[in-house]
Amino acid sequence: MSEYDARGKVNRALLICVSDYSNLRPLPAVKDNAEALERVLTDPATDLFTRDEVRICTPQEPWEVEQALDEVAAEARGLLLVYFSGHGRVGSDGGNLQLMVGASERRHKTVSWQDLVLRYLDNARADRIVIILECCYAGNAGEAFYSSRKPMSLLMAAQPNRRIFSGDEPAGGSVFTRAVTRVLERGIADRQSVTFDDLVQELRAELADERTPMDDAWEPRSAKQNTTDDVILSFATPGARPPVPLRIRLRRWLNLLRAHWIRLLLILAIIFVPATGGIVLLNLPGDAPACRPALELRLLTAPEAEPALRQAAFDYEMSGANTRPLDGEGAGDHADGCRRAQITVYSAAKDQTDRGFAAAGRWQGEAQGAGSGTPDDQGTGPLYRPGPQPDLWIPESTADYDEARRGMPATGSPAALHNTGPVAYTPLVVGIPWAKRLNDVEPADASWRDLLTGTDGGHRRLKLLRPSPVLSGTGLLHTVGLYLAADGTAIGPSGTAPDPALADHAESRLSAPGSQYAGSTELLCSLRPGSDDPGGGAAAGSKDAGTSAPLVSEKSLADFNLGRATGSCPALASPLALGDRYVAYYPKNVPALDHPLIRVAWRGAADAAARQAAVERFAQWLRDPGGGQRTLSEQGYRGVSGNDGATPQPAKGSPLLDSRAETDPHARVVPFAADPDQVAKVLDGYNKAQKSSQLLILMDASTSMADGGKLPRALRAASRVLEMAGAHHTYGLWTFPDREHSDDRSAVRTAVPLGSTDPARGKAALERMSGGLVEHGAAMEEALTTAVRTMKKAGGTNNAIVLILDEDDGGPGRAADVEKTLTGLLKDGPEVPVLTLAMGRSGCDTFALQWLAGTSNGRCVSDGPTAPDQLAGLVASIGAAAKEEQ
């Protein structure tokens with residue numbers, strides 16, 4: 001594993017220590033923590049932070065923490081370390097961790113870990129962020145942590161739902177922090193440095209004999225997000241210390257020179273400029289002129305584009321274009337060199353974005369704290385998902401824009417969408433396994449008709465896997481191409497509805513259970529060799545990958561082949577082996593994703609003119625060959641057309657130029673030409689090609705679901721699944737174990753009966769679950785046997801079960817014939833796929849869940865930030881037109 005060395009960079013450490021409380025028990029052992037940790041972090045042996053890079057905060061009010069976080073998040077460029085020691089509390093469901101400051105009461109004047117701390121850290125400029133939490137319930141911080149977007153490493157003082165302070169620790173700091181300082185100060189035998197993972201391992205050994213105040217074993221926990229490397233926290237070592245590398249010494253020298261060069265020049269000027277006209281008084285510069293807070297722009301996009309657009313937003317913020325005066329800006333509004341805008345990038349699935357704009361009145365009302373809306377949008381919570389009101393929206397294609405506009409009310413919406421045109425292109429491709437390339441089909445100019453024939457049962461026998469057209473812009477545009485350009489002819493600006501027979505044929509080729517995912521990246525992640533997603537991952541990576549043909553984007557396929565980060569799969573050390581790659585085939589005359597920039601104007605906004613000017617400046621920079629086009633090209637996108645109308649070739653540094661990407665950088669880019677009516681007709685044809693389905697959601701309701709904040713995540717995933725329900729897709733909601741029949745391991749409780757169509761009913765039942773967990777082990781196989789037997793009798797051929805559980809507690813005392821009975825039920829017709837969300841520590845990496853996915857022809861998804869959308873994508877495939885194997 002690579003190690004991140006931050007020496008010589010602009011680093012910051014924020015040590016938040018609260019020992020004296022007005023309304024809570026004091027924590028005397030915390031008094032010495034800050035001083036001890038500061039001493040160790042600035043020790044020459046540790047060799048990472050200078051004294052002016054470490055800040056101690058002993059807050060009495062929440063705003064003091066916010067102010068301190070704001071400062072260090074803005075200043076750090078290398079490593080940002082944030083440490084908290086004090087009281088902590090959580091809600092009744094184990095979520096919503098609150099850090100307590102001096103003036104905190106039990107429920108007031110607290111600092112929200114999720115809404116405040118993570119929000120500031122997620123907008124930090126640092127390369128890497130390390131957080132150390134030493135408070136009661138620190139282990140519950142893991143839930144919200146997984147929604148962060150920055151490379152972060154989190155060290156939690158103890159396991160979830162544990163208090164840790166007794167208040168009786170001796171002087172010199174608390175037990176946990178004393179152990180931290182010992183490791184960082186002394187180093188580790190036979191190691192030249194102490195990394196984050198080293199620290200976690202050593203702490204577990206140091207605290208092995210300690211007990212929490214609740215007399216539990218003391219087990220520090222850790223988590224990482226968006227990073228595959230390890231962060232060095234100390235260069236102390238018991239052995240001989242190696243010399244500091246030349247690159248580190250040069251970096252430190254350059255930083256020192258940069259900090260003092262202006263002052264040195266002015267001193268030289270005093271010495272060498274003759275004072276012939278009197279005495280010259282110089283005001284040596286200290287801090288730069290104070291800058292007003294930059295205007296925050298909120299950029300909404302699709303999950304697949306989020307990483308690239310976040311990089312583009314960062315490059316823009318640091319560019320000179322963001323320091324030039326904006327149209328309408330008054331003299332003196334900003335000092336020279338100050339940033340005009342900062343851009344927050346976030347994403348949501350296509351259906352959630354559509355619902356957000358359709359309920360724009362409620363979206364704006366929630367943002368203003370009014371919660372207003374119309375009666376028709378009361379089932380929508382846009383402020384939670386998609387998120388804040390956007391100032392600009394970059395969907396995957398113009399088809400997404402057309403669909404969002406179609407769902408908005410004709411009059412009265414407070415949101416106005418202005419399409420300013422594309423900022424980048426990426427063609428759509430079909431990935432064919434390298435070993436099964438289509439010899440008689442031209443990769444750069446293949447009609448869909450030839451692709452369907454070349455992959456059918458009489459030829460390569462490949463399963464066509466497509467992102468869901470409901471959840472993904474890539475899936476929608478692939479469907480437009482399938483329906484309107486099947487014979488390779490160009491799609492005109494207007495046309496008739498798709499041929500129903502053609503739609504049925506196309507959907508029959510895309511009907512494998514679980515064939516629809518939430519996006520290109522998650523689909524490809526499930527096919528990566530060594531993926532830990534059984535049935536859709538490990539099984540797919542080792543078995544299905546060579547028999548599948550994913551319908552994805554050129555960029556995502558290049559990322560997959562080159563081993564770059566793909567969806568929830570982290571980057572690999574090298575490109576995939578040749579036999580594991582897919583070759584890109586470009587369906588003829590299928591439009592490329594054109595990523596239009598949509599300016600969103602909100603009625604009544606007081607700073608509307610300033611926001612419009614800032615959005616237009618960013619849009620101009622994104623289309624600048626020397627600005628955003630360079631960034632997007634490096635991320636694997638094609639550029640927008642130049643003045644001659646020709647699409648630029650991938651620029652130097654583009655991954656598309658790497659032959660191992662298995663793409664064709666010279667393949668033609670087809671502009672989007674379909675009109676909104678055609679897009680609507682394609683979706684209507686898609687809906688008609690789907691058959692009615694019935695879904696049973698089976699949820700683990702045992703008390704272990706509350707550990708580590710798993711229950712709120714499980715409830716969100718189940719709520720996301722309910723959004724897939726509709727008139728032709730009914731559902732039921734069961735929980736297990738059953739409180740009223742705790743002795744019957746196969747008993748389940750019906751929260752919502754099968755056949756329901758209203759998602760609101762299921763969501764109300766989910767809300768009641770938080771206070772109704774059962775103090776009894778959850779026997780998965782027994783409850784699942786009851787569920788499968790019921791679904792087999794329900795009739796129809798499009799039935800499925802969504803199983804959401806922590807772990808199977810039914811091993812001890814399980815009857816020997818249960819597994820045999822369940823196996824027989826799953827293998828007998830009609831087929832009932834089981835789609836599992838595994839909330840436990842091992843995720844899908846257990847024999848039982850792998851067996852379940854394989855036997856039922858289902859899938860398993862491990863808990864994580866993308867799990868709800870992954871599960872929704874799999875559920876979207878249940879109403880497929882046919883179940884035949886391709």
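Side-chain atoms are counted along with the backbone in the values below, which use heavy atoms only and exclude waters and symmetry mates. All residue numbers in this chain count up from 1 along the given sequence. No experiment lies behind these values; they were computed from the predicted model shown.
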**Backbone N/O of Gln694 and side chain of His729: donor-acceptor pair under 3.5 Å** = no

**Asked** Do we see a donor-acceptor contact under 3.5 Å between the side chains of Ser520 and Arg466?
**Response** no

**Request:** Keeping the roles fixed (side chain from Ser654, backbone from Gly636), state whether a donor-acceptor pair exists under 3.5 Å.
**Result:** no

**Request:** Spell out, as yes or no, whether a donor-acceptor pair under 3.5 Å connects the side chain of Thr426 to the backbone of Lys555.
**Result:** yes

**Asked** What distance do Leu300 atom CG and Glu306 atom CD have between them, rounded to the nearest 0.5 Å?
**Response** 9.5 Å

**Request:** May I ask you to say whether Asp675 pairs ionically with Lys681, meaning some side-chain N is under 4.0 Å from a carboxylate O?
**Result:** no

**Asked** Are Thr566 and Asp559 linked by a side-chain donor-acceptor pair shorter than 3.5 Å?
**Response** no

**Asked** Can Val480 and Gln678 be said to form a side chain to side chain contact (heavy atoms under 4.5 Å, CB included), step by step?
**Response** CA-CA 8 Å; Val480 170; Gln678 286 176 293; over 6 Å; no

**Item:** Backbone of Asp664 reached by a side-chain donor or acceptor of Tyr586 within 3.5 Å
**Value:** yes

**Message:** Testing the 3.5 Å rule here: is there a donor-acceptor pair between the side chains of Glu616 and Gln620?
**Reply:** no

**Request:** Tell me yes or no: between the side chains of Arg859 and Ser526, is some donor less than 3.5 Å from an acceptor?
**Result:** no

**Test side-chain hydrogen bond (donor to acceptor under 3.5 Å, both in side chains) applied to Asp594 and Thr398, step by step** = CA-CA 7 Å; Asp594 55 354; Thr398 299; 2.6 Å; yes

**Request:** Would you confirm whether Ser719, through its side chain, and Arg716, through its main-chain N or O, come within 3.5 Å as a donor-acceptor pair?
**Result:** no

**Prompt:** Who are the ring pair (Phe, Tyr, Trp, His ring centres under 6.0 Å) partners of Tyr316, not counting sequence neighbours?
**Reply:** Phe618, Trp621

**Message:** Counting only heavy atoms from other residues, nucleotides and ligands, does the tally under 6.0 Å from CZ of Arg298 exceed 12?
**Reply:** yes

**Asked** Side-chain donor-acceptor pair under 3.5 Å between Glu396 and Thr474, yes or no?
**Response** yes

**Request:** For the residue pair Glu296 and Thr344, confirm or rule out a side-chain donor-acceptor distance under 3.5 Å.
**Result:** yes

**Message:** Taking Val470's backbone N and O only, do any of them form a donor-acceptor pair with Ser468's side chain (distance below 3.5 Å, no angle check)?
**Reply:** yes

**Message:** When you measure from the side chain of Gln629 to the backbone of Val423, do you find a donor-acceptor pair of N or O atoms at a distance under 3.5 Å?
**Reply:** yes

**Item:** Shortest non-hydrogen separation from Leu733 to Leu696 and the atoms involved
**Value:** N-CD1, 4.3 Å

**Prompt:** Any donor-acceptor pair under 3.5 Å linking the side chain of Tyr731 with the backbone of Gly762?
**Reply:** yes

**Message:** Nearest 0.5 Å, please: how far is OG in Ser553 from CG in Leu593?
**Reply:** 6.0 Å

**Prompt:** According to the interplanar angle, ranging from 0 to 90°, do the rings of Trp363 and Trp602 count as parallel (below 30°), tilted (30 to 60°) or perpendicular (above 60°)?
**Reply:** perpendicular

**Asked** Yes or no on side-chain hydrogen bond (donor to acceptor under 3.5 Å, both in side chains) for Thr455 and Arg509, after CA distance, side-chain angles and deciding distance?
**Response** CA-CA 9 Å; Thr455 57; Arg509 293 298 313 279; 3.2 Å; yes

**Request:** Answer with yes or no whether the side chains of Thr453 and Asp456 bring together a donor and an acceptor at under 3.5 Å.
**Result:** no

**Tyr637: ring pair (Phe, Tyr, Trp, His ring centres under 6.0 Å) partners, not counting sequence neighbours** = His595

**Prompt:** Do the charged groups of Lys688 and Asp684 touch, with an N to O distance under 4.0 Å?
**Reply:** yes

**Request:** Among Arg611, Arg599, Gln612, find the residue that satisfies the side chain to side chain donor-acceptor pair (under 3.5 Å) test when tested with Asp391.
**Result:** Arg611

**Request:** Kindly write out the residues that satisfy side-chain hydrogen bond (donor to acceptor under 3.5 Å, both in side chains) with Asp677, not counting sequence neighbours, or none if the list is empty.
**Result:** none

**Prompt:** Any sub-3.5 Å donor-acceptor pair from Glu554's side-chain atoms to Ala584's backbone N or O?
**Reply:** no

**Prompt:** Going by atom types alone, do Thr631 and Asp315 pair a side-chain donor with an acceptor below 3.5 Å?
**Reply:** yes

**Request:** Look at the rings of Trp393 and Phe357 and say which category their plane angle falls in: under 30° parallel, 30 to 60° tilted, over 60° perpendicular.
**Result:** tilted

**Message:** Closer than 3.5 angstrom, by distance alone: can the side chain of Asn561 be matched with the main-chain N or O of Tyr582 as a donor-acceptor pair?
**Reply:** yes

